[in-house]
Amino acid sequence: MVAFLTFLQKNPYILLFLVVGLSVWVGRGTIKGYGLGAVAAAIVIGCGVATWGAAYGVRFELDNFTKSLFYYLFMYGVGLRVGPSFINSLKGDGLKFTVLAVLSSFLGLGIVVLGTRWLSLPVGAAGGILAGSQTMSAAIGAAEQAITSGVVPLPRGTTAEAATAMIALSYGITYIWGTVGIILICKYLPRWWGVDARSAAKTYEVEHGVPNVDDAGLSGYRPFDLRAYRLVNPALSGQSIAQFRTRYAQYQIENVERGKELLGADPALVLQLGDVIALGGSLGALTDHMGLIGPEVPDARALNIPLDQAEILVTHRGAVGKALKEFSRSPIAGQVQLVGLERGGAPLPMGLETRLQRMDVLHLVGLRSAIDQAAALIGKVARPSTATDLLTLSLGMILGLLIGQIQVPAFGASVGLGNAGGLLVSGIVVSSLVSRVRFFGNTPNAARNILEDMGLIFFVAIVGVNAGANLLSQLNGVVALKIFALGFVACTIPPFIVWAIGFHVFKINPAVLMGGVAGARSHSGPAREAAKEIGSSVPWIGFPVAYAVSGILLTVFGYFAMLLAA
């Protein structure tokens with residue numbers, strides 16, 4: 001056993017990937033639908049492996065540079081994700097959810113700081129309790145930075161390693177209820193309030209035309225289609241494609257085959273009897289005028305037209321504030337299919353009454369010409385790309401690190417955002433710029449997810465391993481009970497206050513508010529469970545804006561929890 005542990009000590013990268021692999025595996029396990037998740041498991045596995053080694057006299061310690069690098073990549077990725085939604089939160093209905101997120105975050109911070117002082121908990125506990133009770137793992141890094149930067153004074157006899165270990169210990173103790181508690185609260189709050197959230201969701205669905213997409217399965221129905229017809233109607237012979245389009249705006253001629261020659265779809269092209277016409281449109285439109293052109297034919301050559309897919313960023317003033325149903329009278333009606341809508345990086349259920357906001361992203365599939373028309377009506381178009389602009393990534397990281405160097409006098413010391421906070425701000429700035437000029441600095445969702453997922457889990461795994469050696473010396477039943485009790489209060493009280501204000505003051509639909517409460521805690525799990533509880537996807541509508549705002553605040557508050565509790 002000692003030989004194996006010594007081998008891991010001499011090969012730190014094998015140790016790191018072993019901990020990460022075990023964390024992902026353990027994190028996938030669930031009991032009645034609830035599990036630790038990979039990030040929380042990384043703390044548990046990392047501390048466990050380090051404690052195991054310490055019991056045999058083998059001390060594990062992983063490189064702090066590697067730890068910081070992964071955390072910085074994660075923070076930049078978070079900024080990229082929440083940037084557009086964070087900007088949208090500052091106007092319109094987003095202000096309501098912004099207020100709820102700010103209120104929840106400050107309540108959590110205040111309870112943790114006051115409780116830590118009142119219970120005389122060790123240095124490091126405040127940051128860990130905030131991260132665990134609010135299920136914001138990123139706050140661990142901010143709390144650590146408060147120690148490594150020297151802003152938080154350490155009592156005599158307390159080392160920085162011991163304080164970091166206390167952060168990890170407090171996080172582990174409070175995270176489980178932080179996760180399970182907020183899920184149960186969001187799920188059952190309407191019942192405790194005597195509100196029928198299921199009925200409220202149905203009312204919202206009817207009023208806004210939002211289908212329950214969560215229960216939708218595979219279907220043969222396709223609202224958009226492309227078919228081929230042989231022209232036998234003499235009334236259309238001699239008309240140009242432009243003339244046909246003027247008379248029948250619901251259709252789009254995409255190709256014309258004459259004899260064995262494909263002629264394309266130039267607007268000036270004159271149609272002749274016997275032509276095979278590839279016609280695109282909505283399924284309803286294609287069946288409304290059966291026989292308009294002539295019989296349908298299975299002409300593979302004429303129909304060999306690649307469909308296009310694109311993301312269109314809403315930037316045009318004429319599109320902002322429009323309901324989706326209003327586009328049924330536009331030139332693109334029946335020519336494209338809207339397959340997804342994102343707001344602030346989070347999918348948003350779509351309905352006929354869903355109104356577009358600036359920086360929304362529409363995912364469209366359809367004829368290329370129609371998608372180009374959609375871009376002219378709505379905003380900037382970008383076609384999916386797997387390439388990542390590493391130059392923009394590098395410049396964004398440099399900008400964030402420079403922002404982190406800015407210091408201002410406060411609390412009797414020089415205080416700044418630090419590298420992590422600077423990178424968060426930089427990510428927001430870059431994503432906001434990119435969304436406006438779509439896409440000079442392309443970072444596909446998959447690449448951004450790698451920055452976030454890999455960055456956070458590797459960072460937390462290293463924290464766990466480095467903290468484990470000091471864990472046994474700090475593990476105390478009384479301290480652990482105090483930490484759990486404070487985490488319980490910090491997790492439980494804010495959602496009730498947020499719900500009461502959202503329901504009674506802002507008059508938010510209860511089904512939407514369930515997602516707003518989940519977003520205010522920056523946790524998608526409660527929104528998912530709330531949607532299952534009431535059988536509707538409506539809770540997701542209240543989620544994105546609050547999620548973006550609270551994600552930023554709670555991350556930064558890890559630093560201030562340490563500072564204010566000292």
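The basis for the numbers below is simple: all heavy atoms, side chains too, and nothing from hydrogens, waters or symmetry mates. Nothing here was measured: the structure is a model prediction, and the numbers come from that model. If you read the sequence from its start, that first residue is 1, and numbering goes on from there.
Side-chain contact between P190 and D196 is absent, with no heavy atoms from C-beta onward closer than 4.5 Å. Residues I182 and P495 have side chains in contact (heavy-atom distance under 4.5 Å, counting atoms from C-beta outward). Between I293 and N233, the closest side-chain pair of non-hydrogen atoms is not below 4.5 Å. Counting only heavy atoms from C-beta outward, the side chains of H504 and W193 approach each other to under 4.5 Å. You'll find the side chain of L513 reaches within 4.5 Å of the side chain of L100, heavy atoms only. Residues I501 and F506 have side chains in contact (heavy-atom distance under 4.5 Å, counting atoms from C-beta outward). Residues L263 and E257 are not in side-chain contact: their nearest non-hydrogen atoms beyond the backbone lie 4.5 Å or more apart. The shortest side-chain heavy-atom distance between V276 and R230 falls under the 4.5 Å cut-off.
Between L16 and A461, the shortest heavy-atom distance links the atoms CD1-CB, 4.3 Å. Residues S105 and A520 approach most closely at OG-O, 4.4 Å, considering heavy atoms. Considering every non-hydrogen atom in both A319 and L356, the closest pair reads O-CB, 3.7 Å. Between W499 and L189, the closest heavy-atom pair is CB-CD1, 3.7 Å. When all heavy atoms of A375 and I312 are compared, the pair lying nearest together is N-CD1, 3.6 Å.
Looking at Q239, its side chain never comes within 3.5 Å of a backbone N or O of L236 through a donor-acceptor pair. Within the 3.5 Å criterion, the main-chain N or O of A511 finds a donor-acceptor partner in the side chain of N509. A donor-acceptor contact shorter than 3.5 Å is absent between the side chain of N255 and the backbone of L262. Side chain of S550 to backbone of G519: a donor-acceptor contact under 3.5 angstrom is found.
A side-chain contact (heavy atoms from CB on, under 4.5 Å) with V256 is found for one member of L231, I241, V270 and no other, namely I241.
By the 30° and 60° cut-offs, the orientation of the rings of Y188 relative to W192 is tilted. Using cut-offs of 30° and 60° for the angle between ring planes, the F70 and F458 rings count as parallel.
Taken to the nearest 0.5 Å, the CG atom of L269 stands 8.5 Å off from the CD1 atom of I253. Going from atom OH of Y229 over to atom CG of D275 covers 16.0 Å, rounded to the nearest 0.5 Å. The OG1 atom of T203 sits 13.0 Å away from the CZ atom of R198 when rounded to the nearest 0.5 Å. With rounding to the nearest 0.5 angstrom, the NZ atom of K96 is 10.5 Å from the NZ atom of K507. Between atom OG1 of residue T98 and atom CG of residue L553 there is a gap of 9.5 Å, rounded to the nearest 0.5 Å. Between atom CG of residue L22 and atom CZ of residue F17 there is a gap of 13.5 Å, rounded to the nearest 0.5 Å.
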Next on the checklist: I'd like to know whether L292 forms a side chain to side chain contact (heavy atoms under 4.5 Å, CB included) with Y251, so could you lay out the CA-CA distance, the side-chain angles of the two residues, the decisive distance to 0.1 Å, and finally the verdict.
Outcome noted: CA-CA 12 Å; L292 170 67; Y251 301 120; 3.9 Å; yes
Item to check | side chain to side chain contact (heavy atoms under 4.5 Å, CB included) assessment of I534 paired with M514 | outcome: CA-CA 10 Å; I534 65 175; M514 293 171 81; 4.1 Å; yes
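Two rings, from F97 and F543, have their centers 6.0 Å or more apart.
Side chains of S104 and R521: no donor on one and acceptor on the other come within 3.5 Å.
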